[in-house]
Visitor: 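I'd like to ask some things about the structure below.
Values reported hereafter were calculated over all heavy atoms of this structure, with side chains retained and with hydrogens, waters and symmetry mates removed. Counting starts at 1 for both ligands and their atoms, in listed order.
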Amino acid sequence: MNLPADVQNIISILESNGHEAYAVGGCVRDCILGKVPHDWDITTSALPQQVKALFARTFDTGIEHGTVTVLLNGVGYEVTTYRVDGKYEDGRHPKEVTFTASLEEDLKRRDFTINAMAYNDSQGLVDLFGGKEDLDNGIIKAVGDPMERFTEDALRMLRALRFSAQLDFTIEENTVEAIRKLAPTLDRISAERIQVEIIKLITSDHPDRLLDVYETGLTKVFFPEFDQMITCEQNTKHHAYTVGMHTLKAMEAIAPEKVLRLTMMLHDIAKPVCKVTDENGHDHFKGHPTKGAEMAKEIMRRLKFDNDTINKVCNLVKNHDDRPEVNPRNVRRMIIRVGQENFMDLMAVKRADTSAQSSFERDEKYAYIDSLEAMYQQIMADNDCLRIKDLKINGKDLISMGVPQGQKIGEILNALLNEVVDSPELNERDYLVNRVKDMLQ
Ligand code: ATP
Ligand code: MG
């Protein structure tokens with residue numbers, strides 16, 4: 001295994017001062033898989049104060065849990081003292097920890113065999129629980145007794161599914177059985193910790209593994225709305241699956257980006273509550289985008305998402321089914337409604353949604369989206385006026401024409417914008433000045 005020079009350097013300094021030190025956890029796993037680790041964690045027998053004494057630049061990241069960040073060449077490396085964990089309560093760290101001199105004890109506290117390997121050049125790979133073999137066979141398996149391990153920290157159940165989605169691995173039988181039994185205990189875990197795992201799962205190559213999260217009983221705890229979708233049939237020619245299965249396919253069909261995957265996960269969230277079956281047995285879901293945006297907001301608030309993410313996702317959910325007739329006026333108004341910066345995301349959402357529907361009129365649906373996008377590109381290329389600041393007149397001009405400062409200015413500018421959006425050729429200074437004079441009569 002090839003350790004980066006800085007990591008090697010940190011390990012050597014610790015070793016030459018009489019301590020043990022290893023790269024550990026995710027980075028070892030990723031290296032064996034031939035992936036480039038996104039960060040390097042180091043585990044050591046040295047106590048935090050001893051680590052701090054050996055390096056020029058350190059931060060007390062989580063010193064009460066034994067973690068010191070060592071800064072080398074502008075990169076931070078988390079160096080954590082061998083420890084045995086107490087109960088996990090808050091965010092990423094257990095409530096109380098005990099330091100230990102034994103690497104084995106430290107590896108034993110880790111969640112899965114594939115995450116419980118350590119490596120350094122002097123000792124080679126330290127793999128006490130068959131992590132390498134499980135990695136080769138594509139298996140997620142708890143270290144020790146899964147019932148005990150998930151009782152210590154219920155988040156590990158969701159982590160198992162997250163790793164299975166990221167790595168396309170299967171969860172070992174006893175481990176999955178323990179998840180099924182203990183799923184309801186996920187309710188003890190904070191929304192913040194759940195959010196981290198769910199984002200990693202749905203932005204992975206296998207977002208459809210959300211189905212396993214449902215089947216093991218975990219969505220019921222933090223996302224029961226998903227359970228409603230999975231069982232919601234949709235008897236319409238546009239669909240071939242339940243709302244939930246359609247949702248999973250739509251998630252797979254869009255780029256692995258947080259906002260886009262969340263949008264697909266939530267775009268039809270209100271279908272179960274909006275469903276009406278007519279006398280012919282056909283289902284209708286009138287108003288589901290608007291209601292869906294409300295529900296999405298509530299769900300994301302509950303899971304403690306930030307406002308920026310909530311606003312972007314809700315905007316896309318709300319507009320996902322808008323299908324105005326394609327003409328310049330309608331599309332300009334659509335761009336204003338959705339926001340110029342979100343428009344291409346909305347096109348991606350519409351395409352993913354279409355791809356997950358039945359084949360009924362699919363080509364026509366794609367052709368419609370293409371024409372919508374072409375019109376958008378044309379409007380952008382023409383630099384059509386879409387915002388007050390694009391008007392060839394501004395607030396200062398109005399004041400110099402005698403409009404009193406305050407609300408009135410905004411009202412007039414909005415009225416002008418409204419005209420210009422429908423007829424861009426009217427965005428000429430002389431015309432606008434005359435219009436203002438008319439309005440002031
Ligand atoms: P990622 O690539 O997502 O960072 P990772 O394996 O590094 O994956 P982290 O959450 O960064 O995951 O945790 C680092 C290591 O700490 C894990 O590999 C595992 O050994 C251990 N670990 C993390 N969370 C837990 C937990 N809840 N219970 C037990 N061990 C854990
Ligand atoms: Mg990590």
Visitor: Heavy-atom distance to atom 2 (O) of ligand 1: which of R159, H38, R110, E152 wins?
Guide: H38
Visitor: Between ligand 1 and G25, is the shortest N or O to N or O distance under 3.5 Å?
Guide: no
Visitor: Going by atom types only, do T290 and E294 share a side-chain donor-acceptor pair under 3.5 Å?
Guide: no
Visitor: Please confirm whether F163 approaches ligand 1 to less than 4.0 Å, judged on its heavy atoms.
Guide: yes
Visitor: When you check the side-chain N and O atoms of H320 and H288, is any donor under 3.5 Å from an acceptor?
Guide: yes
Visitor: May I ask you to list the atoms of ligand 1 that are less than 4.0 angstrom from any heavy atom of R162?
Guide: 1 (P), 3 (O), 8 (O)
Visitor: What I want to know is whether D153 and ligand 1 share at least one N or O pair that is separated by under 3.5 angstrom.
Guide: yes
Visitor: To the nearest 0.5 Å, what is the distance between CZ on F150 and CZ on R159?
Guide: 11.0 Å
Visitor: Which atoms from ligand 1 have a heavy atom of R109 less than 4.0 Å away?
Guide: 29 (C), 30 (N)
Visitor: R193 heavy atoms, cut-off 4.0 Å: which ligand 1 atoms fall inside?
Guide: 27 (N)
Visitor: How about H282 and K237: does a side-chain donor come under 3.5 Å of a side-chain acceptor?
Guide: no
Visitor: Hey, is ligand 1 close enough to D30 that some N/O pair sits below 3.5 Å?
Guide: no
Visitor: Checking the N or O distance criterion of under 3.5 Å, is ligand 1 in contact with D41?
Guide: no
Visitor: Answer side chain, backbone, both or neither: which part of E197 comes under 4.0 Å from ligand 1, heavy atoms only.
Guide: neither
Visitor: About how many Å separate CG of D322 and CZ of R333, when rounded to the nearest 0.5 Å?
Guide: 14.0 Å
Visitor: Look only at interatomic distance and state if R156 has a nitrogen or oxygen under 3.5 Å from any nitrogen or oxygen of ligand 1.
Guide: yes
Visitor: So is Q166 polar-close to ligand 1, meaning N/O to N/O under 3.5 Å?
Guide: no
Visitor: Taking side chain as C-beta onward, heavy atoms only, is M229 less than 4.5 Å from T242?
Guide: no
Visitor: Tell me which one of N115, I114, D111 gets a heavy atom nearest to atom 20 (O) of ligand 1.
Guide: N115
Visitor: Mark yes or no: K249 above the aromatic ring of Y241, with NZ or CZ under 6.0 Å from the six-membered ring centre and no more than 45 degrees from the axis.
Guide: yes
Visitor: Could you check whether any side-chain heavy atom of K389 comes within less than 4.5 Å of a side-chain heavy atom of N394, counting everything from C-beta outward?
Guide: no
Visitor: Backbone, side chain, both or neither: what part of F150 comes under 4.0 angstrom of ligand 1, heavy atoms only?
Guide: neither
Visitor: Can you confirm if the NZ or CZ of K275 lies within 45° of the ring axis of F285 and under 6.0 Å from the centre of its six-membered ring?
Guide: no
